[in-house]
Amino acid sequence: MRLDDKKILVFGPLMYVSNRRGNADERLSEPKGLTWYDTRMVRTFDLRINGEIPNLLTTEEPQPNLRRFGLTLTDRTSAGLFQHPRHFVHITRTQFLDAAFVDALEIRNFTPRPVPIHIRYQWSADFADVSEIRQPGLHDGGGRRVVVERLGSGVRLAYRGHDARTYFCDILMSHPAASVRADGGRVRVALASRGIMRLSIEIRAGAEAGRRLTGRRKEEPRTDGASIPLRLRALERQRDKWFDGTATIESDNPALDRELERALDDVRCLDLPLDGLSVPSAGVPLFHAPFGRDMILTAFSLLPFRPQMAREVLLFLAERQGRVTDVVREEEPGKILHELRLGELAGAGKVPHNPYYGSIDVSLLFVSLLHEYFLWTGDEGTVRNLAPALARALEWAEVHGDADGDGWIEYDRLPGRGLVHKGWKDSRDSLTDERGRSPRPPIRLVEVQGYWVDALRRSSELFGALGDTLRASRCAVRGRELQRRIESQFSLPRTRYTALALDGAYRQLRLITSNPGHLLFSGAVGRRVALSIRDRLFKPDMHSGWGIRTLSSDEAAYHPLHYHRGTVWPHDNAIIAFGLSRYGMTSDAASLFTSLREAVSSLPGRRWPELFCGFGRTDHPLPVPYPLACAPQAWSAASLFLMLRASMGLFADAPAGHLELRKPILPPGLTRLSIRGLRIGRSVGTLSVSRARCEWIRRSGPKIRLRRL
């Protein structure tokens, strides 16, 4: 089954992957089932009624953690109740995630006589680590021994992991006539004419350190099916509370408003509670875990709208900043993590992701996020608190990022199970030379050098705000020097473009890629070079009509279905759009935003996916979905907000008390837009933009000057 045939619920640490009827049966391809953090608690979960799979009528998804299915039975499953097939029993199946997974049934009998109903659930627990699902064979235990403990209204299935934690899931049924065993549950009733039957199953997942498995009976209170409406109302209140803490965008384009709301809802449900903080996971189903780069870019994109996310991401990453040198995990002092996994295999050290530090760019992006956070909030207290982490990240760049002292940030392949390529395009064969061959390391990626320029300049301003004028001056000088070197040594005069990278022999990788577009995001080149990059990115071999490809369609290595060699990534396009806006090219940013929105308009729920295929708009009338794209994906959902901001030319300087609109453009289909609850420092207000005027209406806090440039 293709991934886009699956249904995914996600909320916090829980994720449930099923087919379009809500079942995770044996026929469903991996990944599937119910996962808690990085452990799959329930592998299969299958409903049959009267021995058959109910027929699907409707599907509704009000929230990423709530789904309703309309189902029915026919006389094929009712012992010939009618002469001809017709719908005679209607089933509403509601599945949702809050602190647990709940599957609730409401069965209505619309016939004039009683109907026998036999509900049978079958389930299995394997407690597989997500890393093992992606890469079978990692677990060397020869299978897991699952212990069953009886509960008052169900069973507890448990497993003692190699990391000395006991993983468990409690499966509880609400109906008093239910019979529950280790592998399933049953209920038999005679449903009266016009009668209604309600039943719910609740699965609670968790892990405990040091708990022994006894297999003895354990009494637990029965789950209460009557509480389901109360819990659904609690879901709505919880959602409303989250949205109340986020600036609200309203426009005269209802489709855009729905896209923005859907994107925010996706990010909300991807939030992971960890150590008292809430940080976004990368995406589901494959990357439901903290990834440093994804978290930073998601928080950066949403900074004007939800600044508290950036603060929590910064605190979370600073707490786990590298302290020692560890070759296996690629940890180095001052380095910011790439990926953190929270399952058994990471805890036992069988995979290096506890955490793994293999990215070359995340430490630099950490600095950029800290400064952008300061520009929007003026929160000097948090900046002072994180100043040691800032200094360590810069020291990492000077000492370990530039290990050979040549003035470039580079990476090499280290022994172990880590990444081959360590930029954002990190698949094993994402980088080639012009002939399609693997480049000789170490690799000096062009966008990473741009991030380094940006980090130095932003650090200069941060140190200046903290009164450290010496460090501020040194960072500013170093940033100017590095910009000149980039423009000189990465320049491709023949194509009037910029090289992808320098290889181990300092030869240019001359492929035409989207990577140089990130130099605009960083403000790392002069305006003349920026214009050349802009012009090249918008040529047909790079711009598919739906967005900018990762690799030119004219290159030998191009493949429209390859993960990183020709596809279109919304977050990549949003980074480029923000860079265009930084140089005052807001009309180009708005054009790119429009292309992406037109592509997304044909996708289910207008949800912004991780990526889609790179086929040109002239070849396919609709964008071609990438078959394994994550959706929801945090940085893709957040990209919608960064692209909107880029079109508006929206920038802030809270310490200076002003808000800027640099050549604001409202994309086609919009004539007015308002951002309510926008925070600039301690000031809160509404920013209204129309084709005729721009206005800041202060609600509370100090006065803010609105400057239209």
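What you see is a predicted model, and the numbers here were worked out from it, not measured in a lab.
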Next on the checklist: Quick test of your reading of the model: are Glu339 and Arg293 salt-bridged, counting only N-O distances below 4.0 Å?
Outcome noted: no
Next on the checklist: Looking at Glu261 and Arg239, is any side-chain nitrogen of the basic one under 4.0 Å from a carboxylate oxygen of the acidic one?
Outcome noted: yes
Checklist entry - Between Thr44 and Asp46, is any side-chain donor less than 3.5 angstrom from a side-chain acceptor? => result no
Checklist entry - Could you walk me through whether Arg67 and Leu9 pass the side-chain contact (heavy atoms from CB on, under 4.5 Å) check? => result CA-CA 8 Å; Arg67 184 175 290 115; Leu9 293 176; 3.4 Å; yes
Next on the checklist: Can a donor-acceptor pair be found, under 3.5 Å and without considering hydrogens, that links the side chain of Asp326 to the backbone of Glu330?
Outcome noted: no
Next on the checklist: If we count only N and O atoms by modelled type, under 3.5 Å, do the side chains of Gln63 and Arg268 hold a donor and an acceptor together?
Outcome noted: yes
Checklist outcome for this item: Taken to the nearest 0.5 Å, the spacing of Phe96 CZ from Ile228 CD1 works out to 4.0 Å
Next on the checklist: Tell me whether the NZ or CZ atom of Arg306 lies within the 45° cone about the ring axis of Trp242 and under 6.0 Å from its centre.
Outcome noted: yes
Checklist entry - Roughly how far apart are Arg262 CZ and Glu259 CD, rounded to 0.5 Å? => result 10.5 Å
Next on the checklist: Assess the residue pair Phe641 and Phe305 against the criterion (ring pair (Phe, Tyr, Trp, His ring centres under 6.0 Å)); give the C-alpha distance rounded to whole Å, side-chain angles, the decisive distance to 0.1 Å, and a yes or no.
Outcome noted: CA-CA 8 Å; Phe641 295 84; Phe305 312 98; 5.3 Å; yes
Item to check | Gln95 side-chain N/O to Gly22 backbone N/O, donor-acceptor pair under 3.5 Å | outcome: yes
Next on the checklist: Pairing donors with acceptors under 3.5 angstrom, does anything connect the side chains of Lys6 and Ser29?
Outcome noted: yes
Item to check | CH2 on Trp424 to CH2 on Trp569, rounded to 0.5 Å | outcome: 5.5 Å
Next on the checklist: Side chains of Tyr167 and Glu208: any donor to acceptor distance under 3.5 Å?
Outcome noted: no
Checklist entry - Would Arg144 count as a cation-pi partner of Phe127, with NZ or CZ less than 6.0 Å from the six-membered ring centre and within 45° of the ring normal? => result no
Next on the checklist: Looking at Glu132 and Arg134, is there a salt bridge between them, counting it only when a charged N and a carboxylate O are closer than 4.0 Å?
Outcome noted: no
Next on the checklist: Main chain of Val130, side chain of Asp38: is a donor-acceptor contact present, judged purely on distance under 3.5 Å?
Outcome noted: no
Checklist entry - Are a donor atom and an acceptor atom from the side chains of Ser281 and His288 found within less than 3.5 Å of each other? => result yes
Checklist entry - Where the side chain of Ser636 meets the backbone of Pro609, is there a donor-acceptor pair that is under 3.5 Å apart? => result yes
Checklist entry - CG of Asn55 to CZ of Arg21: how many Å apart, nearest 0.5 Å? => result 6.5 Å
Item to check | Within 45° cone of Tyr356 ring axis and under 6.0 Å: Arg329 NZ or CZ | outcome: no
Checklist entry - So, does Asp129 use its side chain to make a donor-acceptor pair with the main chain of Glu344 at under 3.5 Å? => result yes
Next on the checklist: Is it true that Asp103 and Tyr121 share a donor-acceptor pair across their side chains at a distance under 3.5 Å?
Outcome noted: yes
Checklist entry - Does a donor on one side chain and an acceptor on the other come within less than 3.5 Å for Ser427 and His564? => result yes
Checklist entry - Is Asp98 salt-bridged to Arg231, cutoff N-O under 4.0 Å? => result yes
Next on the checklist: Nearest 0.5 angstrom please: Leu286 CG to Glu30 CD, how far?
Outcome noted: 11.0 Å
Item to check | Exam field: side chain Trp608 to backbone Trp635, donor-acceptor pair closer than 3.5 Å | outcome: no
Checklist entry - Without hydrogens or angle criteria, can the side chains of Ser193 and Arg113 be said to hold a donor-acceptor pair below 3.5 Å? => result no
Next on the checklist: Taking Arg165's backbone N and O only, do any of them form a donor-acceptor pair with Asp163's side chain (distance below 3.5 Å, no angle check)?
Outcome noted: yes
Checklist entry - Do you see a donor-acceptor pair shorter than 3.5 Å between the side chains of Arg43 and Ser124? => result no
Checklist entry - In Å, rounded to the nearest 0.5 Å, how long is the span from CZ of Arg186 to CE of Met173? => result 10.5 Å
